[in-house]
Amino acid sequence: MHLTRVAALAFGLGRAFATAPASQLLSRDEAELLGRGLAEDVWDEIKDGLSCAGCETLVVLLKGLALLGDNAFVDVLQSVCKLTNSVDEDVCQGAIELEGPIIADAIRNMKVPSQTSKLFCINFLGVCPYPKVTPYQVPFPTEKKAIEGGSSRPAASGKDPIRIVHYSDVHVDHLYTPGSTANCTKPICCRPYTEDDEPGVSTSPAGPNGDHNCDTPVSLEESMYAAINEVAPDAAFVICTGDIVDHTVWNTSVEYNTFSITDAYSRMAASFPLVYGTAGNHEAHPTNAFPPTAEAPTSWVYNLLSTSWSHWIGDAAASSTSSRGSYSVKYPGGNLRVISMNTNTFYVQNYYLYRRVMTLDPDGQIAWLASELDAAEKAGERAYIIGHMPPGDNDAFHDQSNYFDQVVNRYSDTIAAMFFGHTHLDEFHVSYSSYDAQTADTAVAVQYVAPSLTPTSGHPSFRVYVVDPETFAILDAETWIADMADPNFQTTPTWTKFYSAREVYGPDHPAGEELSPAFWHNVTEAFASSPDLLDAYLSRKSRGWEDIACDDACREQEICKLRGGRAEDNCYEPKPGIHFKKRSLESRGHGDDCGVSVLRGAVGSLAVEKKAVELVSARVEENKRLLI
Ligand SMILES: *[C@@H]1O[C@H](CO)[C@@H](O)[C@H](O)[C@H]1NC(C)=O
Ligand SMILES: *[C@@H]1O[C@H](CO)[C@@H](O)[C@H](O)[C@H]1NC(C)=O
Ligand SMILES: *[C@@H]1O[C@H](CO)[C@@H](O)[C@H](O)[C@H]1NC(C)=O
């Protein structure tokens, strides 16, 4: 929509560039910067540590490159990626070919400096202070009624609890090959990428049921579904918070993703009577690419999810899913509304969102959420919000997280709980009515973040919630795992209860009482006063797989994150070059798992590699006459 017609023709067809659109898209200052041979300037500006201003100069350089066309942009960034040697060449090649044109289009249309260029610098290069949230009051159909004495969470019914299952990030790899190498230099292993990786040849052969360097084999997926039916055969329903497709982001296709998504939801349908699903960022092709309005590139994935879910959610919700990937539906077994959000339109790695003027409420989803919750409130229903990415995560744009939080605060009496995944870790966030005064009294909602099935950041897991059948309040949250260190894991994974939140955090909490927002706030208070408790929590995040060394500053940040139901309050501070790491086989799988972005890594390397800057600037210099 922001691409001029002439530019659309030139770039869409990958043709050589014509002068007119560049002069329209470049401001005078940007053109002037490009006019003075930038390589030395840029490097001088950033070599002693990238500043925000330095980053913005870099963005002007990238804008010059993007104005030369998608092909030039993709080509040069592929070279940058290969130069830095952080991933294999075919990964550079494939991933940047897929992701490149989307961000090239965004950068061409970006004004520097601007809110968008700052967000780009934060999320790609780890510099610039986060811009202040753009003020926006979400329209509420009705105002909140003041409740005497504060919170009005309904009293426990005292009835026999029901159970609800939640799993996330199954990331099933249909090309997982037992016996192929589990030690490789790609984002995921256990595929015979080369002859040396073949079963029978590899010196580190993968077992049949999974490996921490690999995504989920179908056998492990099936094992989890079977375990759920043993552990919770009576579960009222299942929540699946997305990311079905594996992490071979350089090799996705509509066909492969369609196959993978269809296969997973068919297996779930064969295992469970009722599943509420959400759209994960890996469902799209290219990965993460969800335009903020229902444009053609994502309609196939929304239609596919709609078809996969329609027998569970009915026609109206299926139709809503096919138009924007979200739905709201009444649970037939009780007084509960389930609202499934498409959080991909708040995700910092969704490159479609870096628009010249950022869209405040992509697809009108936040206003829609408010209207659904308003209807639930009027009907006296309780509500669950489910989604892929937690709004309190580092990966959420501050603006949309803030607007989402306004809705959570307005309808906190109706929202019984919220469920997310994406981070692969066993976590939670608390939302508050005042982030300046975070207390048990101001805690208004809990974001339950389920750990992943894929074992790349811990043991394979799922959650079982013990739930009040009338209020749908969460009475306990159990995490179940298959311990991969168990010598029998490769023959038959054994699923065991890893911990229960009530047993660990609230042994004295009255039975049958909700693990309320106040309860979870108190858990963070306990963490703050006992480093041992916090360290045990940190270890639980990976289901005991990895002990994270944490000092006082790190503990403080972790607690802030737990209390950061609104992303602007989660204390996350990006660091220059954070997304660019030289490959280290030792640290495999311990990194940033939720979104492997090769392009972001390549751009990130510009902060620290002079040669990478030179590659970009040489191409721009050669073609400068086309730009200015
Ligand atoms: C993985 O492969 C690398 C390089 O081939 C080797 O140095 C390393 O020891 C291997 N690691 C394991 C756990 O086999
Ligand atoms: C890429 O995906 C196709 C299926 O869509 C598969 O046949 C091919 O082996 C995959 N390549 C790699 C390197 O995994
Ligand atoms: C939270 O802690 C406060 C202060 O210790 C206590 O009064 C309150 O009952 C606790 N709330 C819950 C739900 O545990």
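No hydrogens, no waters, no symmetry mates; every other heavy atom, side chains included, goes into these values. In listed order, ligands and their atoms are each counted from 1.
If you number the atoms of ligand 3 from 1 as listed, the ones under 4.0 Å from a heavy atom of Phe519 come out as 13 (C).
Residue Ser516 has no N or O atom closer than 3.5 Å to an N or O atom of ligand 3. Residue Ser204 places no N or O, backbone or side chain, under 3.5 Å from any N or O of ligand 1.
Using a 3.5 Å distance cut-off with no hydrogens or angles, the side chains of Thr181 and Ser202 do pair a donor with an acceptor.
Ring centroid separation for the pair His388 and Phe420 does not come in under the 6.0 Å cut-off. Taking the centre of each ring, Phe519 and His509 come in below the 6.0 Å mark.
Residue Tyr265 is tested with Thr262, Asp263, Ile261 for a side-chain contact (heavy atoms from CB on, under 4.5 Å); the sole match is Ile261. Checked against Met418 for a side-chain contact (heavy atoms from CB on, under 4.5 Å), the options Pro391, Ser431, Pro390 give a single hit: Ser431.
Scored by the disulfide bond (SG atoms under 2.5 Å apart) test, Cys190 finds Cys214 as partners (sequence neighbours excluded).
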Contact table, ligand 2 N/O with protein N/O, distance under 3.5 Å:
from, atom 1, to, atom 2, distance (Å)
ligand 2, 2 (O), Asn251, ND2, 2.4
ligand 2, 11 (N), Asn251, ND2, 2.8
ligand 2, 14 (O), Arg191, NH1, 2.7

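Between Arg540 and Glu427 there is no salt bridge, since none of the side-chain N atoms of the basic residue sits less than 4.0 Å from a carboxylate O of the acidic one.
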